[in-house]
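Single-structure report; data block below.
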Amino acid sequence: MTDANDIAGYWTGWYAYGTAADDQRIPFSAFLESVAELEFTGTTLEPNTFAAPMLRELSADVMGEMAGESVIFEKLYHPGPEVHQAHIQYLGRLSDEASRIFGEWHVGTGEDFLSGHFEMVRLSRRTAEADAIFSVESPTFQLPDELTRPSTPPDTDGEDTQS
């Protein structure tokens, strides 16, 4: 898979309701993985702007595909109090250097139809080399010998052992 066809990695971005330049932008982060040629899955994390106030952040799964410079994916929020379960469609364009995706999103139909625009920028590519650098193995701890041997408690029966 060439770099232009691989959007795996860590991304940061925003989405907004509507298409005006001054619309409020909601930030998000995303991790995308290639699952087949030109297909990907991933997860997103964003501040809660519509669900129950007890939720600070909302996470979602994404699944999509690429066709040339077009990137099409669907986002579905993980269940939670007052978190809708509608499938959100994203239609975007991938930049020539595969470091930016921008476009529009929409969800619902009729009176429940919402739409807006989005943009996301790649923070890093996911590669085997990066995975090796960022992988963390659990350290193995070994206690010093003097701590691993059981010690004999001092004689505390109250008798004087000195002569």
Over all heavy atoms of both residues, which pair between [X] and [Y] is shortest? Give the atoms and the distance, please.
| X | Y | result |
| --- | --- | --- |
| Ala86 | Val107 | CB-CG2, 3.6 Å |
| Ala8 | Asp6 | N-OD1, 2.9 Å |
| Asp23 | Gly18 | OD2-C, 3.1 Å |
| Phe40 | Glu65 | CE2-N, 3.5 Å |
| Glu46 | Tyr15 | OE2-OH, 2.7 Å |
| Trp11 | Leu94 | CH2-CD1, 4.4 Å |

If you round to the nearest 0.5 Å, how far is [atom2] of [Y] from [atom1] of [X]?
| X | Y | atom1 | atom2 | answer |
| --- | --- | --- | --- | --- |
| Glu119 | Thr12 | CD | OG1 | 10.0 Å |
| Ser95 | Ile7 | OG | CD1 | 10.5 Å |
| Phe73 | Leu91 | CZ | CG | 9.0 Å |
| Thr44 | Lys75 | OG1 | NZ | 4.5 Å |

**Asked** Aromatic ring centroids of Phe102 and Trp14 under 6.0 Å?
**Response** no
Find out whether [X] and [Y] are in side-chain contact, i.e. whether some heavy atom of one side chain is under 4.5 Å from a heavy atom of the other.
| X | Y | value |
| --- | --- | --- |
| Met63 | Thr41 | yes |
| Ile26 | Phe28 | no |
| Phe113 | His106 | yes |
| Pro81 | Leu55 | yes |
| His78 | Leu58 | no |
| Ile101 | Phe118 | yes |

**Request:** Fit a plane to each ring of Tyr77 and His84, take the angle between them on a 0 to 90° scale, and name the class: parallel (under 30°), tilted (30 to 60°) or perpendicular (over 60°).
**Result:**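 Perpendicular.
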**Prompt:** Is a side-chain donor or acceptor of Trp105 paired with a backbone partner of Tyr17 at a separation under 3.5 angstrom?
**Reply:**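 Such a contact is absent between Trp105 side chain and Tyr17 backbone.
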**Asked** With distance as the sole test, does Asn48 use its side chain to make a donor-acceptor pair with the main-chain N or O of Phe50 at under 3.5 Å?
**Response** yes
**Item:** Verdict with reasoning, Met120 to Leu32, per side-chain contact (heavy atoms from CB on, under 4.5 Å)
**Value:** CA-CA 12 Å; Met120 49 197 288; Leu32 304 178; 4.1 Å; yes
**Message:** Are Leu76 and Ile88 connected into the same hydrophobic cluster when the rule is that any two of I, L, V, M, F, W, Y join if their side-chain heavy atoms are below 4.5 Å apart?
**Reply:** no
**Flag if over 12 foreign heavy atoms under 6.0 Å of CD, Gln89** = yes
**Request:** Go through the structure and list residues passing side-chain hydrogen bond (donor to acceptor under 3.5 Å, both in side chains) with Arg25, not counting sequence neighbours.
**Result:** none
